[in-house]
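To start, the structure under review is shown below, and the notes come after it.
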Amino acid sequence: MTYDDLAKEWDSNEYICCHTSGSTGTPKEIWLPKEQMINSARRTVDFFGINEDSVLYSCISPDFIGGKMMLARQRLTGCKLKWEKPSNRPLNEYQGKDITLLSVVPSQMIHILDNLQQMPEIRNILVGGSAIPATLRKRIAESGVNTYESYGMTETASHIALRKIETEIQPFQTLGDIWVENCDGALKINIPKWQSLITNDIADILSPHLFNISGRLDNIIISGGKKINPEQVEEKMSEILTFPFFITSVPDDKWGQRLVMIAETNPLEKENIMRQCERLLESYERPKEIIFKDRLIRTPNGKLIRNFKS
């Protein structure tokens, strides 16, 4: 799909067909009410102060909710929307006015930081689609570029909360009238006049409008009687390891589940990885095995697919 195709669909339908990313299961088709997409767009427009004179620029595909919502924001405000075919060299051929809001995925943000001197003036950058590695988060914070991390999903018509990427990690702040609560350890999202949705994300609720996410309930590993959150282990290691990786498990007669690291790097890194694991992790958090891959499997918007088959 192109943005021109999306514009035709938008102008002739009351519901817009969207698809989930497929990072945690089979991709699903979801039909979102255009009215609710406009309501979501309005919250973002208000947050960033977007108006008819603004310029929106999308480096992500209109096949996914992040791309579709850029069009919704344009339709709401009447501002200018520009886009390019998604690649890991965004804005290489951009010519035009300063950009009010740029939408990218983390891998594209690396290229922007590597080429800041050649970039146009960008007031705000919205990073979504997949997790932001700790090393990239640090680079963004040190760059001084006004960058926000999003939290949301296709089912909620894109993000319901944002947080500015700074040296000290900030909690997510809900947008507009959205509020959250804890439901048996999981995040429950309340969108007035539409829906309440219980997610599978492990939430630390600071207030009805502030929260942190530490992982997913369906990723929890029980090994040797210990409950282990693989995303917390990954967060500790991502401050040191610069290559893509994730923590998962395989069945084990002794431990029940045996921790395994799947790494996109050279096997010669094994000794260094094990040394860093011993330094940074508790004994029960350390992977019992490291499996090296030439390339990890990703969704089209860059999320690692955590399912592993040896």
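Side-chain atoms are counted along with the backbone in the values below, which use heavy atoms only and exclude waters and symmetry mates.
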Would you say His111 and Asn92 make side-chain contact, with heavy atoms under 4.5 Å? yes
Please state whether the rings of Phe172 and Tyr151 are parallel, tilted or perpendicular, taking 30° and 60° as the class boundaries. tilted
Please determine whether residues Met119 and Ile60 belong to a single hydrophobic cluster, defined as Ile, Leu, Val, Met, Phe, Trp and Tyr linked transitively by side-chain heavy-atom distances below 4.5 Å. no
Under 3.5 Å, side chain of Thr20 to main-chain N/O of Lys28, donor-acceptor pair present? yes
How about His159 and Leu126: do any of their side-chain heavy atoms sit closer than 4.5 Å? yes
Would a distance-only check, ignoring hydrogens and angles, find a side-chain to backbone donor-acceptor pair under 3.5 Å from Asp201 to Ala203? no
In terms of heavy-atom contacts, Leu91 and Pro120 come closest through CD1-CD, 4.5 Å
Find the distance between OG1 (Thr199) and CD (Glu155) and round it off to the nearest 0.5 Å. 10.0 Å
Would you mind reporting whether Ser40 and Met37 have side-chain heavy atoms less than 4.5 Å apart? no
Please report the C-alpha distance between Phe245 and Thr265 in whole Å, then the side-chain angles of each, then the deciding distance to 0.1 Å, and finally whether the side-chain contact (heavy atoms from CB on, under 4.5 Å) criterion is met. CA-CA 8 Å; Phe245 72 96; Thr265 190; over 6 Å; no
Any donor and acceptor pair, going by atom type alone, linking the side chain of Thr174 with main-chain N or O of Ala161 inside 3.5 Å? no
Heavy-atom side-chain contact between Pro62 and Leu71 under 4.5 Å: no
With heavy-atom distances below 4.5 Å as the criterion, would you say the side chains of Thr77 and Ser54 are in contact? no
Under 4.5 Å between side-chain heavy atoms, hopping through other hydrophobics if needed: is there a path connecting Trp83 to Tyr57? no
Please give me the minimum heavy-atom distance between Glu235 and Ala134, naming the atom from each residue. OE2-CB, 4.2 Å
Tell me, yes or no, whether the heavy-atom count around Lys80 atom NZ, taken from other residues, nucleotides or ligands under 6.0 Å, exceeds 12. no
Kindly check if the number of other-residue, nucleotide or ligand heavy atoms within 6.0 Å of OH (Tyr15) is above 12? no
Check whether more than 12 heavy atoms from other residues, nucleotides or ligands sit under 6.0 Å from atom CH2 of Trp255, and answer yes or no. no
Residues Asp98, Ile122; criterion side-chain contact (heavy atoms from CB on, under 4.5 Å); working and verdict: CA-CA 6 Å; Asp98 298 346; Ile122 306 170; over 6 Å; no
For Ser196 and Asn190, test the side chains for any donor-to-acceptor distance below 3.5 angstrom and give the result as yes or no. yes
Is there a side-chain contact between Ser150 and Ser158 in this structure, where contact means two heavy atoms from C-beta onward sitting under 4.5 Å apart? no
Over 12 foreign heavy atoms within 6.0 Å of CD, Glu93: no
Going by an N to O cut-off under 4.0 Å, is there a salt bridge joining Arg216 and Glu231? no
Test: Glu239 and Lys138 ion pair at under 4.0 Å: no
Could you go through the side-chain contact (heavy atoms from CB on, under 4.5 Å) check for Ile191 and Ile178 one step at a time? CA-CA 5 Å; Ile191 306 177; Ile178 295 173; 4.2 Å; yes
So, does Ser238 use its side chain to make a donor-acceptor pair with the main chain of Pro133 at under 3.5 Å? no
Side chains of Glu149 and Arg137, heavy atoms from C-beta outward: is any pair under 4.5 Å? yes
Using only atom types and a distance under 3.5 Å, with no angle test, would you say the side chain of Gln108 pairs donor to acceptor with the backbone of Ser87? yes
Heavy atoms of other groups near Asp294 CG, more than 12 under 6.0 Å: no
Look at the side-chain heavy atoms of Ile, Leu, Val, Met, Phe, Trp and Tyr, link any pair under 4.5 Å apart, and say whether Ile290 and Val250 land in one connected group. no
Does CD1 belonging to Ile297 count more than 12 external heavy atoms closer than 6.0 Å? no
Tell me if a side-chain donor or acceptor on Gln173 pairs with a main-chain N or O of Pro171 at a distance below 3.5 Å. no
Verdict with supporting geometry, Ile189 and Met153, side-chain contact (heavy atoms from CB on, under 4.5 Å): CA-CA 11 Å; Ile189 301 168; Met153 56 205 71; 4.1 Å; yes
Measuring from atom CG of Leu102 to atom OH of Tyr94, what distance do you get when rounded to the nearest 0.5 angstrom? 9.5 Å
For residues Lys288 and Ser283, report the shortest heavy-atom separation together with the two atoms involved. NZ-O, 4.3 Å
Nearest 0.5 Å, what's the NZ-CD1 distance between Lys82 and Ile99? 8.0 Å
Treating Glu264 as the side-chain partner and Pro244 as the backbone partner, does any N or O pair qualify as donor plus acceptor under 3.5 Å? no
Verify, without hydrogens or angle tests, whether Arg286 (side chain) and Leu281 (backbone) share a donor-acceptor contact under 3.5 angstrom. yes
Answer yes or no: is there a donor N or O on one side and an acceptor on the other, between the side chain of Asp5 and the main chain of Thr2, under 3.5 Å? yes
Which pair of non-hydrogen atoms, one from Tyr3 and one from Ser61, has the smallest distance, and what is that distance? OH-C, 4.4 Å
Could you measure the distance from the CD1 atom of Ile240 to the CZ atom of Arg279? Nearest 0.5 Å is fine. 4.5 Å
Shared hydrophobic cluster for Leu56 and Met69 (ILVMFWY, side-chain gaps under 4.5 Å): yes
To the closest 0.5 Å, what do you measure between OG1 (Thr44) and CG (Asn39)? 11.0 Å
Do other residues, nucleotides or ligands put more than 12 heavy atoms under 6.0 Å from the CG atom of Asp184? no
Met1 and Lys68, any side-chain heavy atoms less than 4.5 Å apart: yes
Donor-acceptor contact below 3.5 Å, side chain Asp218 vs main chain Asn200: no
Arg139/Asp114 ion pair, N-O < 4.0 Å: yes
Are there over 12 heavy-atom neighbours, none belonging to Gln195, within less than 6.0 Å of that residue's CD? yes
If hydrophobic clusters are built from ILVMFWY residues whose side chains come within less than 4.5 Å, do Ile50 and Ile160 share one? yes
Of all the heavy-atom pairs spanning Arg123 and Asn146, show the shortest one and how long it is. O-CB, 3.2 Å
Identify whether the distance between the nearest side-chain nitrogen and carboxylate oxygen of Glu285 and Lys236 falls below 4.0 Å. yes
Rounded to the nearest 0.5 Å, how far does OG1 of Thr156 lie from CD1 of Ile65? 8.0 Å
What closest approach, in Å, do Gln257 and Ser249 show between heavy atoms, and which atom pair accounts for it? NE2-OG, 3.2 Å
